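Working notes, structure below.
Here is the naming used below: chain letters follow the sequence lines, and residue numbers restart at 1 for every chain. Only a predicted model underlies this, so the values are computations on that prediction, with no experimental measurement involved.
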Protein chains: 2
Amino acid sequence: MTGGKRIMGLPSIRRMPMYYRLLARELEAGRTQISSAYIAEALGMEPIVVRKDFTLFGIIGKPKIGYETEEALQVIDSLMNSRDSNEAFLVGVGNLGQALLSYRGFEHMGLDLIAGFDVDSDIVGRRIQGREIFALVELPRLAKRLHVKTGILCVPEEAAQDCADAMVDAGIEGIWNFAPVRLQVPDYVVVQNEDLAEGLAILIVKLNQSKREGIQRTN
Amino acid sequence: MTGGKRIMGLPSIRRMPMYYRLLARELEAGRTQISSAYIAEALGMEPIVVRKDFTLFGIIGKPKIGYETEEALQVIDSLMNSRDSNEAFLVGVGNLGQALLSYRGFEHMGLDLIAGFDVDSDIVGRRIQGREIFALVELPRLAKRLHVKTGILCVPEEAAQDCADAMVDAGIEGIWNFAPVRLQVPDYVVVQNEDLAEGLAILIVKLNQSKREGIQRTN
DNA sequence: TCTATATCGATATATTAATATCGATATAGA
DNA sequence: TCTATATCGATATTAATATATCGATATAGA
């Protein structure tokens with residue numbers, strides 16, 4: 001590991017988007033103050049986890065009142081936006097890539113997908129949700145010119161490492177990797193691996209357990 | 001919670017697909033025996049974690065040798081396949097739904113996506129990767145007739161709860177939920193929530209930290 | 001056959017995360 | 001003004017997870 005001790009735990013970070021969405025919705029609905037109990041109830045969690053997370057995030061509440069919804073929202077927003085920009089390129093405009101390009105809900109999380117890249121000449125030149133799709137060979141030039149530092153990688157397994165290399169060469173420093181491959185990158189590059197199969201594995205194992213219990217119960 | 005203590009920890013379950021893919025690849029390549037050190041190296045983790053997981057999975061190795069690749073593969077496969085079947089319906093054939101329908105890589109994980117459902121008449125009747133897309137109203141009838149118990153939910157936020165209700169009515173007992181909504185379901189229904197924004201949040205926070213360190217380093 | 005060694009797996013420890021307890025405090029209402 | 005109470009946040013405890021240590025053992029090679 002490249003060092004750099006974690007300021008807050010990964011579980012807390014994972015919960016940020018969930019908090020964000022709830023707070024935004026509640027503020028919209030006119031709830032200017034909100035308690036940990038209310039948040040926990042809405043999100044199916046324990047109030048104490050909310051309070052611990054918020055303390056960690058630097059959100060300060062008031063006894064008897066709770067938290068200022070807007071302030072909490074802004075703090076979480078700033079934690080997810082504090083870099084100069086979160087402009088990103090998406091590499092690999094297949095089904096998943098298109099889905100990510102079309103997904104509204106990353107924008108308010110600080111991600112600004114400005115273009116897609118692919119090798120498939122059928123798709124190069126098209127626009128998806130207003131974002132132009134360029135040939136992969138254009139990546140270095142455009143990344144450098146636009147100073148884009150973040151890339152989303154959703155190419156097939158076989159192409160992943162080559163694409164990652166190209167991205168790194170182009171100056172990309174953060175890769176959100178959807179290919180089931182452990183990418184080899186320089187130390188300064190941050191990689192976040194996303195493995196859709198993980199969630200599926202959990203569902204299946206849970207179902208197996210639940211079924212086994214069911215059998216025991218009816219025996 | 002519905003009770004039912006976990007047999008093995010969630011982190012170990014999450015690592016199963018990763019092990020599975022590596023073992024399949026190595027077996028393919030002719031490596032019939034494999035050590036925890038080798039696996040760890042290939043996956044960027046610690047050997048001791050591999051050994052602990054394998055012990056948990058019930059995979060037994062031999063000193064000086066390691067594990068039988070094929071046996072390990074089969075054990076993990078059986079853990080992810082042991083129900084009667086993992087046939088599933090996909091509800092919401094938008095961009096993400098289409099991506100999931102097209103994704104090869106769930107099949108060998110025990111998931112058999114047999115059909116899609118949507119309300120959009122433009123897409124109903126089409127076929128995606130050989131799977132027919134039906135109108136959502138057909139879900140109860142088909143789920144009951146085919147005894148499908150698993151559903152993948154990738155509809156927009158607003159529609160998620162209604163669709164979940166319909167799925168539960170139709171006899172679905174396991175929902176892989178991609179909508180950023182806490183679904184209200186009966187106790188016996190297992191829900192696995194997938195929040196793509198989580199990974200993004202982690203990437204962004206890591207980048208922020210990495211950048212902050214970078215600034216400190218160059219000062 | 002015997003010895004050296006790679007590797008597992010059991011036990012112990014450390015780290016991280018979740019949960020519980022409870023005093024402090026800001027507001028609402030008497 | 002005073003009191004009751006909801007709620008935070010600090011501290012303590014417990015549980016889960018990751019990591020370390022080391023003895024046991026199966027094989028390779030002398």
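Of the nucleotides present, C:dA14 is the one that pairs with D:dT17 by Watson-Crick or G-U wobble criteria, both distances under 3.5 Å. Nucleotide D:dA10 is matched to C:dT21 when pairs are restricted to Watson-Crick or G-U wobble geometry with both distances under 3.5 angstrom. Pair check for D:dT27 finds C:dA4; Watson-Crick or G-U wobble, both atom distances under 3.5 Å.
No engagement by B:Phe54 is indicated, since no non-hydrogen atom pair under 4.0 Å with the nucleic acid exists.
Remark: P of D:dT17 and CG of A:Leu10 are 14 Å apart, rounded to the nearest angstrom. In this structure, B:Ile60 atom CD1 and C:dT7 atom C1' are separated by 15 Å, rounded to whole Å. Taking atom CE of A:Met45 as the reference point, atom P of C:dA20 lies 14 Å away to the nearest angstrom. C:dC8 atom P lies 12 Å from atom CD of B:Glu68, rounded to whole Å. Look at CD on B:Gln33: it is 11 Å from P on C:dT7, rounded to the nearest Å. Rounded to a whole Å, the CG atom of A:Asp53 is 8 Å from the P atom of C:dA18. With rounding to whole Å, B:Ile13 atom CD1 is found 12 Å from D:dA18 atom P. Counting to the nearest Å, the C1' atom of C:dT7 and the CD1 atom of B:Ile39 are 12 Å from each other.
Under 4.0 angstrom from either OP1 or OP2 of D:dC8 there lies no side-chain N or O belonging to A:Tyr38. In this model, the phosphate group of C:dG9 is not approached by any side-chain N or O of B:Arg51 to a distance below 4.0 Å at OP1 or OP2. For B:Arg15, a side-chain nitrogen or oxygen approaches OP1 or OP2 of D:dA18 to under 4.0 Å.
Note: A:His108 and A:Tyr20 have parallel aromatic rings, judged against thresholds of 30 and 60 degrees for the angle between ring planes. In this pair, A:Phe106 and A:Trp176 present their aromatic rings perpendicular. The plane angle is above 60°, beyond the 30 to 60° band.
Each of A:Pro63 and B:Ser36 has a nearest nucleotide on DNA chain C; the 5'-most of these lies closest to B:Ser36. Along DNA chain D, the nucleotide closest to B:Val49 and the one closest to A:Ile65 are compared, and the more 5′ of them pairs with A:Ile65. Residues A:Lys62 and A:Glu46 both approach DNA chain C. Their nearest nucleotides, taken by heavy-atom distance, put A:Glu46 toward the 5′ side.
Looking at the side chain of B:Thr55, the nearest of the listed nucleotides C:dT19, C:dG9, D:dT17 is C:dG9.
With 3.5 Å as the limit, one finds no donor-acceptor pair spanning the side chains of B:Thr69 and B:Arg31. Of the N and O atoms on the side chains of A:Asn193 and A:Asn177, at least one donor lies less than 3.5 Å from an acceptor on the other residue.
Side-chain to base pairing of A:Lys64 with D:dT7: no donor and acceptor N or O lie closer than 3.5 Å to each other.
Judged as a salt bridge (Lys or Arg N to Asp or Glu O under 4.0 Å), and not counting sequence neighbours, the contacts of A:Glu107 are A:Arg104.
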